[in-house]
Amino acid sequence: MILILEPNTDPDRPDYKVLVSQLDRLPGIRYRVHREVGAEVTLTEVYLIGNTGALTTEQMSILPCVEKVVRVSEAYRVLGRHKQGDTRAASFEYNGVRFGQDTLNVFAGLCAVDSPESVEAMMKALAERGQACTRMGAYKPRTNPYAFQGYGAKCLPYVFELAGKYGIKVIAMEVTHESHVDEIREALAKTGHPTGVMLQIGTRNTQNFELLKLVGRQQEFPVLIKRGFGITLDESLNAAEYLASEGNRKVVFCLRGMKTNMGDPHRNFVDFAHVPVVKRLTRMPVCIDPSHSVGSRAVAPDGLLDVFHTVAQGVVAGANMVLVDFHPDPAKALVDGPQALLLSELDHFLADVALAREAYERRVALAREQRPH
Ligand code: PEP
Ligand code: MN
């Protein structure tokens, strides 16, 4: 059960103290308070855990400071979309960019940072097209221990400085260890916070619970969590819930295909039919990663790359973010060159995404007309 308190409830207020003392006296109930400090309002939610079946919504809604009571289903307590009266926001803002179940942000960029020249060429191309987000891998978890592992902390200063130069507001960047988060924080501080970072949890770490807890405990950076490549959707959504249960609810969920040869010849079996499913079960914005799903630059007879087709499938179904590999010179890319799109394809790509988004918006409008609620 969640008690949503009146906006800006001050914990020093006497009636808040009364609320706390009443909660302390509930038998078999523990509770956890989550405070979300926004620019204008501070929202407080109290999560009641334990024998909440014995409590009634009416009984809890008359407690001091309580504005609303939401009864939650067992699954995804914080991030879930619960049936009874759950009007909690399905969006958040980070570094001036809004991420919600109603928005669409494209994160085109390098799978792995390989040189300042590649980073600059990518960011310049994005800035010229009004894009505010990108992907830049500094820490690369690789199957082969002898493969390039990413430049790590060494590349962060120039990546951040160039982002500042080109007005890039958010960079999606995978982390696999606590020290990576510290290195990112330090590099941002040293360069004067020219940009923001969305920490990415890769598919190989979806169920690395200790990493999830660590990343969940900080609220400075939002998190992009990838679906585990070989586990159920429910297991991956529970992994996302780990982040939120530790306090960080600025979480985006990313579909990136499933590992099975049923998806051949694609690198992974494209699972973008789950975009609306994740939006129905949770309040997370949903990202699609067509590059790691398809894994190649294969072209269909109609002239469109499979990567373009899968992006359109996800966007037409309401995806909120697209994470996609580009490279100024894919032949020289140190990771995943064969699936990278070319800078000369960026205009076409963005126009194709806009078409699919327009189709989605028209489909939603049509559905509203047909089934007014
Ligand atoms: C990536 O996005 O660079 C990546 C490694 O993806 P995934 O974790 O989905 O394999
Ligand atoms: Mn990659």
Side-chain angles (χ1 to χ4, degrees), residues 107-123 126 133-160 162-163 168 170-188 195-208 210-212 214-215 221-230 239 252 254-259 267-268 287-297 307 321-341:
F107 280 62
L110 308 181
C111 176
V113 170
D114 46 24
S115 69
E117 292 73 30
S118 301
V119 174
E120 178 145 28
M122 187 71 232
M123 289 185 177
L126 291 170
C133 304
T134 188
R135 59 159 295 150
M136 289 285 153
Y139 308 94
K140 300 304 301 179
R142 304 303 302 282
T143 305
N144 180 341
Y146 308 110
F148 172 65
Q149 305 283 314
Y151 282 124
K154 218 165 73 182
C155 68
L156 298 181
Y158 69 77
V159 170
F160 295 159
L162 286 166
I168 300 289
V170 187
I171 304 175
M173 182 174 280
E174 180 163 357
V175 292
T176 61
H177 192 268
E178 184 181 10
S179 58
H180 301 162
V181 184
D182 295 336
E183 286 168 6
I184 289 170
R185 189 180 289 114
E186 276 162 32
L188 279 172
T195 186
V197 171
M198 181 180 278
L199 303 176
Q200 187 175 321
I201 303 288
T203 194
R204 291 158 190 80
N205 276 308
T206 306
Q207 286 190 313
N208 181 342
E210 296 311 313
L211 179 66
L212 295 176
L214 274 164
V215 170
F221 305 110
V223 186
L224 176 68
I225 180 166
K226 295 248 187 141
R227 178 183 193 167
F229 58 69
V252 180
C254 182
L255 297 168
R256 48 81 71 204
M258 304 300 295
K259 191 172 180 132
R267 181 172 172 182
N268 289 287
C287 176
I288 51 167
D289 176 343
S291 305
H292 291 82
S293 296
V294 169
S296 77
R297 296 182 38 84
V307 167
M321 177 168 156
V322 182
L323 190 73
V324 55
D325 289 3
F326 270 77
H327 199 283
D329 188 358
K332 292 210 186 107
L334 297 175
V335 185
D336 283 347
Q339 70 193 23
L341 302 180

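All values derive from a computational prediction rather than experimental measurement. Note that these values count all heavy atoms, side chains included, but never hydrogens, waters or copies made by symmetry.
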Across all chains, not counting sequence neighbours, the side chain to side chain contact (heavy atoms under 4.5 Å, CB included) partners of Thr206 are Thr203, Ile225, Ile231, Ser236, Ala239
Measure the shortest side-chain to side-chain distance between Met321 and Cys254 over non-hydrogen atoms and say whether it is less than 4.5 angstrom. no
Those residues at least two apart in sequence (or on a different chain) that pass side-chain hydrogen bond (donor to acceptor under 3.5 Å, both in side chains) with Asn208 are Asn205
Residue pairs, two or more places apart or on separate chains, that pass side chain to side chain donor-acceptor pair (under 3.5 Å) and touch residues 133-145: Arg135-Asp325, Tyr139-Glu183
Arg297: which residues meet the side-chain hydrogen bond (donor to acceptor under 3.5 Å, both in side chains) condition with it, sequence neighbours left out? Glu345
Is there side-chain contact between Val175 and Phe221, with heavy atoms separated by less than 4.5 Å? no
The single option from Val119, Leu156, Thr195 that satisfies side chain to side chain contact (heavy atoms under 4.5 Å, CB included) with Ile171 is Thr195
List for me each residue that meets side-chain hydrogen bond (donor to acceptor under 3.5 Å, both in side chains) alongside Lys332, sequence neighbours excluded, and say none if there are none. Asp329
Salt bridge (charged side-chain N to carboxylate O under 4.0 Å, His left out): pairs with one or both residues in residues 110-122, sequence neighbours excluded: Glu120-Lys165
With a 4.5 Å limit on heavy-atom distance, are the side chains of Pro290 and Val322 in contact? yes
Starting from the C-alpha separation in whole Å, work towards a yes-or-no answer on side chain to side chain contact (heavy atoms under 4.5 Å, CB included) for His180 and Glu174. CA-CA 9 Å; His180 301 162; Glu174 180 163 357; over 6 Å; no
Under the side chain to side chain contact (heavy atoms under 4.5 Å, CB included) rule, what do Phe107 and Leu224 come out as? Steps first, then yes or no, please. CA-CA 12 Å; Phe107 280 62; Leu224 176 68; over 6 Å; no
Decide side chain to side chain contact (heavy atoms under 4.5 Å, CB included) for Glu178 and Glu210; before the verdict, give the C-alpha distance in whole Å, the side-chain angles of both, and the deciding distance to 0.1 Å. CA-CA 9 Å; Glu178 184 181 10; Glu210 296 311 313; over 6 Å; no
If we count only N and O atoms by modelled type, under 3.5 Å, do the side chains of His292 and Asp336 hold a donor and an acceptor together? yes
If we only count heavy atoms from C-beta on, is the Met123 to Met136 side-chain gap below 4.5 Å? yes
With side chains defined as the heavy atoms from C-beta onward, is the minimum distance between Leu126 and Phe326 less than 4.5 Å? no
Under 4.5 Å between any side-chain heavy atoms of Ser296 and Arg267, yes or no? no
